[in-house]
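Here's the structure, in structure tokens; my notes come after.
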Amino acid sequence: MASLVSSPSTLPSSKADQLSSLSQKHFFLHSFLPKRANFSYLKSPMRLKCAAIGNGLFTQTSPEVRRIVPDKDLNLPSVKIVYVVLEAQYQSSLSAAVRALNNDRKHASFEVVGYLVEELRDESTFKSFCKDLEDANVFIGSLIFVEELALKVKSAVEKERDRLDAVLVFPSMPEVMRLNKLGSFSMSQLGQSKSPFFQLFKRKKQQSAGFADSMLKLVRTLPKVLKYLPSDKAQDARLYILSLQFWLGGSPDNLQNFLKMISGSYIPALKGTKIDYAEPVLYLDSGIWHPLAPCMYDDVKEYLNWYETRRDANEKLKSPNAPIIGLVLQRSHIVTGDDGHYVAVIMELEAKGAKVIPIFAGGLDFSGPVEKYLINPITKKPFINSVVSLTGFALVGGPARQDHPRAVEALRKLDVPYIVALPLVFQTTEEWLNSTLGLHPIQVALQVALPELDGGMEPIVFAGRDPKTGKSHALHKRVEQLCTRAIKWAELKRKSKAEKKLAITVFSFPPDKGNVGTAAYLNVFSSIFSVLKDLKKDGYNVDGLPETSEALIEEVIHDKEAQFSSPNLNIAYKMNVREYQKLTPYASALEENWGKPPGNLNADGENLLVYGKQYGNIFIGVQPTFGYEGDPMRLLFSKSASPHHGFAAYYSFVEKIFKADAVLHFGTHGSLEFMPGKQVGMSDVCYPDSLIGNIPNVYYYAANNPSEATIAKRRSYANTISYLTPPAENAGLYKGLKQLSELISSYQSLKDTGRGPQIVNSIISTAKQCNLDKDVQLPEEGEDIPAKERDLVVGKVYSKIMEIESRLLPCGLHVIGEPPSALEAVATLVNIAALDRPEDGISSLPSILAETVGREIEDVYRGSDKGILKDVELLRQITEASRGAITSFVERTTNEKGQVVDVADKLSSVLGFGINEPWIQYLSNTKFYRADREKLRVLFGFLGECLKLVVADNELGSLKQALEGKYVEPGPGGDPIRNPKVLPTGKNIHALDPQAIPTTAAMQSAKIVVDRLVERQRVDNGGKYPETIALVLWGTDNIKTYGESLAQVLWMIGVRPVADTFGRVNRVEPVSLEELGRPRIDVVVNCSGVFRDLFINQMNLLDRAVKMVAELDEPSEMNYVRKHALEQAQALGIEVREAATRVFSNASGSYSSNINLAVENSSWNDEKQLQDMYLSRKSFAFDCDAPGSGMTEKRKVFEMALSTADATFQNLDSSEISLTDVSHYFDSDPTNLVQNLRKDGKKPSAYIADTTTANAQVRTLSETVRLDARTKLLNPKWYEGMLSSGYEGVREIEKRLTNTVGWSATSGQVDNWVYEEANTTFIQDEQMLNKLMNTNPNSFRKLIQTFLEANGRGYWETSEENIEKLKQLYSEVEDKIEGIER
């Protein structure tokens, strides 16, 4: 169904302007779909071609539409002007100015041609640009902020600069600004000179948007001052400033006078001619504009007076209850007359009964105008109920440098929902409609990612661009949706709480009886219960809410028997087929995948069923699932299927029958936002857009998952509110591991007596019982070991145990509105304290303690890793001292109940007195009593701040703000340990500026990991370098680590990123082989679907990097990328550049390889089938030479590249998510697949880098799976913690076992003992068995099924009686469940 989006659009091809006629007829939602849904082309293999038209770039427009050649007039000198601009809004007024001048035939005849920056990507267009410059007189450039294109412009203009009569560049990157030349005025010293003009450019680092503002002020006053200075220099500077005024004025008259002024002053042929020109007509820098108003207003009161007396206004508009919407517009569109799309939005809002206050600003800072015109200066309350920015830019700083804190401050004062809609900038309407990607990546970076940092939401494309005139035009269906949604958000501000209706939506994944209410780390029903109690107290109508959260579960899913095919999930509504088709305009488009409604999902044969329960004005509903989880054939499709009828019926019910004012999606995450459609910038035919319809969407999302939260924001228009992951604890030791630790301490005190050898033997035999012999090489028991080596054996076992003990794990599940107690926060603080933060001048606690005893902490880590006994012991002491010092600090700031009380007061009293500092008191009794006090004070000051944030409770507060139509403050998502700014939770989560990664720090960390990985592979592989490494890039990991795994890929192939003057990374350069000191290693990069959506710019960067390396003239034994590309090019008969394709992902709009769905639903036959799934879904490549084509299938190249892999590799970057916690990791693991593809059939080594602690490790996959099993599945602390959450806890245990089977299936790296021990823990122990069976019988049944499956598929060998017991148990549980049902 995703291909629907790339279908040839049914717009009349050249006449996008016929769009406006669409608004007159009554079209249904899919105005761009053929009326008869005839999807025969879905099956044709040609469907991928239509996205890439012509040169494979995003825009196919040609500069020829902006060329005007005058009739030859021999008596007049000719002036040729070449211009380059970011957007086409100047095209129409500049063309009008030139035509008017040529009609006058007075002084000269003018030839003009214009290029959009984006067109210069195309080589042939760039050549014609260079050619145009050869005989040009004047060059004009404006808003050139994309580095690679700025450099192209610079290189072309530089060649001609001395010959050109004038070069005028208006705000752009410094490299391009330096090209300016008007007579004696030049900016070539930009950034070095002392004159005030240049100081402006230097100041912009501190206050980005202030720069644009001060420049405008200067533009106003300077000409007046300069007029009286005699020198030529001053006159040239004055004319530059006047030019800028003309340009910013933008109307045809202004531009006509601008051209007259420049020609008369600088064109040699016109030197003696006096050409009169008028001074620039100045418009307000900022103000209020309405297309029907007689003038622009500088005062809100005047504007509102005019508004009240309008004759054309309908009755609705005059009502005092009409919602008021603020609009933010770009001045250049108004002055150049390119305002059709603005007018459409204003008219649509007024037609829907909303008043508007449209404000504009000429600079790039809208925060001032927002405060000036939208907030009542006396009451400080906003005049408006919601605000929509139609500029698409960040509120402060536009495309240049942004100032997000300033924007957030202005929006916080305004305190209304902030929507940022987008006009197409780089594509024409038709190009956008045909593109599977949707919006152009650079527009996504500038106009979607940056406004999100201000708290902007709902990136709806509301205007297109005409390929001929370059003018913007409204897309009427989208404008209608944008306006309806803006009014809906405004209504939330105005409706009373008692009348507001809220639809809470929970997920059930995989669809099984025991899974209703799944969400990452969240106890869903307890959280809903706590939210509803709070809303009830607050005045919402929550009639009939039960007394406990258990009772709530019972009522929503009758008896926890939430089985979809049986009637005893509570049915909230039955929708007959007729009603469904009436309420769901896109219903017929789903038939191609699912047949006629009602189908067999969420249906009873006649009706579609909506599951859930209503309490007063609150509806709790269960979101249907994808629907194809259990169908192995469907899972093989390379593209995802559309939603099924039941799914569509659910959202039609919520919007049109229950009539929700808002929907609250509860927890991470559902499947609405992963439905097929464009990646960003949805059109009417994209399913997420159709499903969410016009309902404001509030979404509780885990704070540590900013990448998928961003998908929810962009594809389902969600206002995402972050929640905390459960407090982490150390894994601790249990059973045999605890015994080992006791043996080791007795060895340390008795090793020099005669008992040493005897204790070592006990250590070796206990370690073997605990299966540690797989991780540590142990000598045979009873073997005589010399004393020195005894220490090493004990040291290695000790090091392994410490690694298990100190591993962090989230215990239990989070409940919204219940922040952790202070003592629960200790482990988190210990880990925050373990990282050096040089940029804040904070040293880590372990390094401060290590210095006290004269050691470097890195050095201690290395020694401990090698198993040097005294280092392992020292590291344990450092760890214990850290925990002790921090615990004593936290105890001082809490009350008897263990809650943090007013931290600030307590802290100042603590930080005030040197001697009383609790951490000093604690350390004074350890060997670290001489620790550096100053460093400790700085560190604990920081930890105190963090403690306040960890225990803050804002999750419920933010939800209430969103439901009351207020502004929810934005904040980064990520790992609170690396980035405490993630706290407190309850913020509107955003990712980061995609062009800002990888950072220098990420590059440093990446080098360390890559060097360790390559070293480890050489040791395991007889000294040979790996030729190819197959690895995975995840969205969230790269956000948390600022691009570490991206940087790893760059370092493997031996290139480094180069940042531009704004710190954005859009280029790479090769590192010399001498500096690299090893061969360049080939890579096969599998990007997750989420990474592809968020970081398409970075995929472009990677692809450029790999192809650049493949073309380097280097010996093949030193450049494996080149070696393989040459071999593959020859074998496939293609060019080397194409053979060097290494960056793969899913088709646009599809996610995951579906192996996880197959494993979770046991719907697969053999491993070969899983491997086929991986190949068919993950073989879509990104091509930097044709970025506009989106993802194209290149399966042969993919298979050949994978067949050279010697190693597979993934990263773990935070303590909350490990290999068996989620199914994503094994879902994208190609280990067994590579073995099948390799000619020699050799299994590649599989590695996992673990950067969750300061001491980064590279382990094999099997070591990591064992570590994971020991710290989670088999660890009493972990499973008891889970079981304390009851119903949800049993499911979590079952999930870990299922994911372990997933690893067996994709990599075969799970040891038999893991299954054996799990069986002992959960099945052999009668007490445990009964507890599981009674708490959640369905999940328990799945657990037994998984054990039997592991045995049946040959992953677990065990005794006959074990299997018999499991089979017998299975039928008992079945009977119990059936019995319940009877």
Side-chain angles (χ1 to χ4, degrees), residues 1 4 26-31 33 37 477 480-481 484-485 487-488 491 501-508 564 569-614 617-627 641-666 670-677 682-699 715-718:
M1 236 2 259
L4 230 185
H26 188 73
F27 271 59
F28 78 122
L29 180 69
H30 289 61
S31 52
L33 258 189
K477 285 282 138 197
E480 192 181 331
Q481 185 184 26
T484 311
R485 294 189 63 86
I487 291 172
K488 282 265 191 178
E491 290 294 329
K501 288 184 150 189
L502 176 66
I504 296 181
T505 299
V506 298
F507 312 118
S508 169
F564 282 104
L569 184 80
N570 197 47
I571 295 172
Y573 189 78
K574 291 186 176 182
M575 188 182 289
N576 65 39
V577 172
R578 203 124 157 237
E579 183 178 25
Y580 161 68
Q581 286 168 327
K582 191 179 107 211
L583 297 177
T584 315
Y586 52 97
S588 55
L590 313 183
E591 292 178 14
E592 196 252 348
N593 270 300
W594 301 100
K596 292 263 179 240
N600 52 11
L601 293 159
N602 287 57
D604 60 6
E606 290 168 37
N607 303 301
L608 287 146
L609 306 178
V610 177
Y611 294 121
K613 180 127 179 79
Q614 192 167 339
N617 279 340
I618 311 283
F619 168 67
I620 302 177
V622 181
Q623 185 187 64
T625 56
F626 276 118
S642 69
H644 55 81
H645 295 297
F647 202 101
Y650 177 83
Y651 282 95
S652 291
F653 166 79
V654 168
E655 182 177 0
K656 292 167 183 166
I657 295 172
F658 174 67
K659 294 194 167 49
D661 290 296
V663 58
L664 169 60
H665 285 99
F666 219 96
S671 34
L672 166 70
E673 60 270 32
F674 295 102
M675 287 297 175
M682 306 281 112
S683 72
D684 303 1
V685 293
C686 298
Y687 289 113
D689 182 274
S690 307
L691 289 160
I692 197 68
N694 294 320
I695 326 169
N697 179 6
V698 185
Y699 208 140
R715 302 186 87 236
S716 68
Y717 310 138

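Looking at residues two or more places apart in sequence or on another chain, you find a side chain to side chain contact (heavy atoms under 4.5 Å, CB included) between L583 and M575, E579, S652, K656, I657. Applying the side chain to side chain contact (heavy atoms under 4.5 Å, CB included) test to N600 and every residue at least two apart in sequence or in another chain returns nothing.
L691 has its side chain within reach of P643: a pair of non-hydrogen atoms, C-beta onward, lies under 4.5 Å apart. Between M675 and C686, the closest side-chain pair of non-hydrogen atoms is not below 4.5 Å. Counting heavy atoms from C-beta on, the side chains of E673 and P688 never come closer than 4.5 Å. When side chains are defined from C-beta on, L590 does not count as touching F647, because their heavy atoms never get closer than 4.5 Å. Using a 4.5 Å cut-off on side-chain heavy atoms (C-beta onward), K574 and E606 make no contact. Between Y586 and V685, every side-chain heavy-atom pair lies at or beyond the 4.5 Å cut-off. The shortest side-chain heavy-atom distance between I571 and Y611 falls under the 4.5 Å cut-off.
Under a 4.0 Å N-O distance rule, the pair K477/E480 qualifies as a salt bridge.
Using modelled atom types, one finds a donor on one side chain and an acceptor on the other under 3.5 Å when comparing Y717 with D689.
Atom CG of N617 sits about 9.5 Å away from atom CG of L502, to the nearest 0.5 Å.
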Show your reasoning for whether side chain to side chain contact (heavy atoms under 4.5 Å, CB included) applies to H665 and I692. CA-CA 11 Å; H665 285 99; I692 197 68; 4.3 Å; yes
Test side chain to side chain contact (heavy atoms under 4.5 Å, CB included) on Y651 and L672; report intermediate values, then the result.
CA-CA 10 Å; Y651 282 95; L672 166 70; 4.1 Å; yes
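Ring centroids of H645 and W594 are separated by 6.0 Å or more, keeping the two rings apart. A ring-centre distance under 6.0 Å is found for F653 and F619.
With hydrogens and angles disregarded, no donor-acceptor distance shorter than 3.5 Å links the side chain of R715 to the backbone of Y687. Put simply, the side chain of E655 gets close to the backbone of N694: a donor and an acceptor are under 3.5 Å apart.
Considering every non-hydrogen atom in both N602 and P624, the closest pair reads ND2-CG, 3.5 Å.
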